[in-house]
2 protein chains.
Amino acid sequence: MPTERAVNPIAGGSLLAEQAYEELKGAVLTNRLRPGDALSVPALAAQMGISRSPVREAVQRLIHDGLATHVPHRGAVVATVDVEDVRQLYVVRAVMEGLAARLATERLDATKVAELRELLEEHERVVAAGEDEQRHIEMDVAYHRLIREVADNPHLTAALDTIQGKAHLALHSLWRSPDAPRLALEEHRRIFEAMTSGDTDAADRAAREHIDRLRIRLAQTVASGPEPGEGPSSVRAVP
Amino acid sequence: MPTERAVNPIAGGSLLAEQAYEELKGAVLTNRLRPGDALSVPALAAQMGISRSPVREAVQRLIHDGLATHVPHRGAVVATVDVEDVRQLYVVRAVMEGLAARLATERLDATKVAELRELLEEHERVVAAGEDEQRHIEMDVAYHRLIREVADNPHLTAALDTIQGKAHLALHSLWRSPDAPRLALEEHRRIFEAMTSGDTDAADRAAREHIDRLRIRLAQTVASGPEPGEGPSSVRAVP
DNA sequence: CCGGTGAATATTGCATGCAACATAGGGTCA
DNA sequence: TGACCCTATGTTGCATGCAATATTCACCGG
């Protein structure tokens, strides 16, 4: 077991627990900590250079978010998402993104339209340049996040953040389709068109269908390429 | 300030933090702790007869659930839900209960139908007997919870639990309509009919409309009778 | 009578100690 | 060689200590 630490030391300002949480979440979401990896509170505390209290708190928040699971007397481990999990995740996410798009359509103004267009164009560049998967996921997350922000419903935002966090985690293990970014971008554009035309029903439908298609493509990808067997914390690179 | 404790001592078995969380949540949801009440970790720890660590953890979970808010350097206080909060809450809840009903319809079997009918009949007795509000809320919560259970989607369940928790909290402050229980029961029956007839669309619609009507009735109640003034736990009235 | 100032108070958040406990691994015995 | 036991290690979860800090209340001056 290499001493290669998956998390970085904490600066040491205020709210160590918060910083530890962000660091851990980042490590999980960028796949530096992989599903199945152990989250030992003492070990992480040592690596971050802080005591166990804030780390313990951070790990528990991760568990609460569904990004880690608690194995009795074995500590916490980064959550493993199976195909069925993802399916159920996306069924829920579809109706919530639909609602978000609907609400956002009602509250859209010129500023927000510009921001959305901006994001779409940047996403376009990323896709055109064939940049890395990580970057694409970031754009995808950012786009949906902005829609939520426009929708301006904190309860919806909170629920969707949790759902999307788990989905984000799943993408690392499951998403292997090379033209997925292009398709996603296309569907993002369709949502944009519906929203800017003021058609709430169409926006709702477009967002729901986007997530539904994502779910279907994910299922197909998994079905075709059953995933090279990879142990918890082994060394494989993302293809 | 009366020494009247709002929370009970903890038995002392295993997982004190969990027990403390349940105790606190119960106190909040049954209105023994009211919106605005302070949640002092040292005080609660003393009342429960345990140390601060598990209590701190419990309070943080409450905050994460939206049942409490963190006021800087003043400790945590039981969350205050205003009318707008409730409206936004129910907008989200409507689509999620709709999805739950839809999924439940697809997975319904004879056993679950019997359980649902059982609950409805008990609810009927409660309404007929004109029992207390608390009991009615319990029935309402139980009914929706059972639908979720049948729907069998853990992510949907988790999200809805959080949403319903906040809604539950809101009801104490806002629900003053005497015939609300009767109307709710009636709408529960309608959802039941749609589900047992196997019509997923109708079930979805019925559940969504139920929550929407709930939201509208709540808004009307609040608009007509602005609430008998009752302050946090002491003197102030809600502005 | 009222406003301002200072000290006492109570809070949080982090660090650390410690007992209980399950697991893993090695060594022993049949 | 294979199964079993027993110890060593790692973990959790709770208790407690402690510094930093904002609030509150009383008291004093105007």
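Protein chains get the first letters and strands the later ones, always in sequence-line order, with residue 1 at the start of each. Just so we're clear, the structure is a prediction, and the values are computed from it rather than from any experiment.
Comparing atom distances between the A:Leu15 side chain and each of C:dG13, D:dG13, C:dT11 picks out C:dG13 as nearest. Counting only heavy atoms from C-beta on, A:Ser40 has its side chain closest to D:dT11 among D:dT11, D:dG13, C:dA15.
Pairing each heavy atom of B:Thr30 with each of B:Ala27, the nearest pair is OG1-O, 3.5 Å. Taking each heavy atom of B:Ala170 and B:Val81 in turn, the nearest pair found is CA-CG2, 3.5 Å. Considering every non-hydrogen atom in both A:Ile50 and A:Ala20, the closest pair reads CD1-CB, 4.3 Å. Between B:Ile63 and B:Ala76, the shortest heavy-atom distance links the atoms CD1-CB, 4.1 Å. When every heavy atom of B:Ala45 is checked against every heavy atom of B:Ser51, the shortest pair comes out as CB-O, 3.7 Å. Residues A:Asp140 and A:Ala184 come closest through the heavy atom pair OD2-CB, 4.2 Å.
An OP1 or OP2 oxygen of C:dT11 is reached within less than 4.0 angstrom by no side-chain nitrogen or oxygen of B:His70.
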Just the atom pairs and distances: protein N or O near nucleotides 20-23 of chain C's N or O, under 3.5 Å.
none

Set out, line by line, the N/O atom pairs under 3.5 Å between protein and nucleotides 7-9 of chain C.
none

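When the C1' atoms of four end pairs are superposed on the next four at each end of the helix from C:dC1-D:dG30 to C:dA30-D:dT1, using five pairs per end, the two resulting axes differ in direction by 10°, to 10°.
At a threshold of 4.0 Å, the pair A:Asp109-A:Lys112 does not count as salt-bridged, since none of the basic side-chain nitrogens sits closer than that to a carboxylate oxygen. Using a cutoff of 4.0 Å between basic side-chain nitrogens and carboxylate oxygens, A:Arg107 and A:Glu149 are not scored as salt-bridged.
Just one residue in the list A:Lys166, A:Arg145, A:Arg93 forms a salt bridge (Lys or Arg N to Asp or Glu O under 4.0 Å) with A:Asp161, and that residue is A:Arg145.
Residues of residues 50-68 of chain B that place a heavy atom closer than 4.0 Å to DNA chain D, in numerical order, are B:Ile50, B:Ser51, B:Arg52, B:Ser53, B:Pro54.
For A:His144 and A:His168, the ring centers sit 6.0 Å or farther from each other.
Among residue pairs with one or both ends in residues 46-56 of chain B, those qualifying as salt bridge (charged side-chain N to carboxylate O under 4.0 Å, His left out) are A:Glu57-B:Arg56; sequence neighbours excluded. For the salt bridge (charged side-chain N to carboxylate O under 4.0 Å, His left out) condition, the pairs that include at least one residue of residues 59-83 of chain B, sequence neighbours left out, are B:Glu18-B:Arg61.
Taking the six-membered ring for Trp and thresholds of 30 and 60 degrees, B:His136 and B:His123 have ring planes inclined between 30 and 60 degrees apart.
If you measure from atom CG of B:Leu44 to atom C1' of C:dA10, you get 14 Å, rounded to the nearest angstrom. Summarising the geometry, the separation between CG on B:Leu16 and C1' on D:dC14 is reported as 7 Å, rounded to the nearest angstrom.
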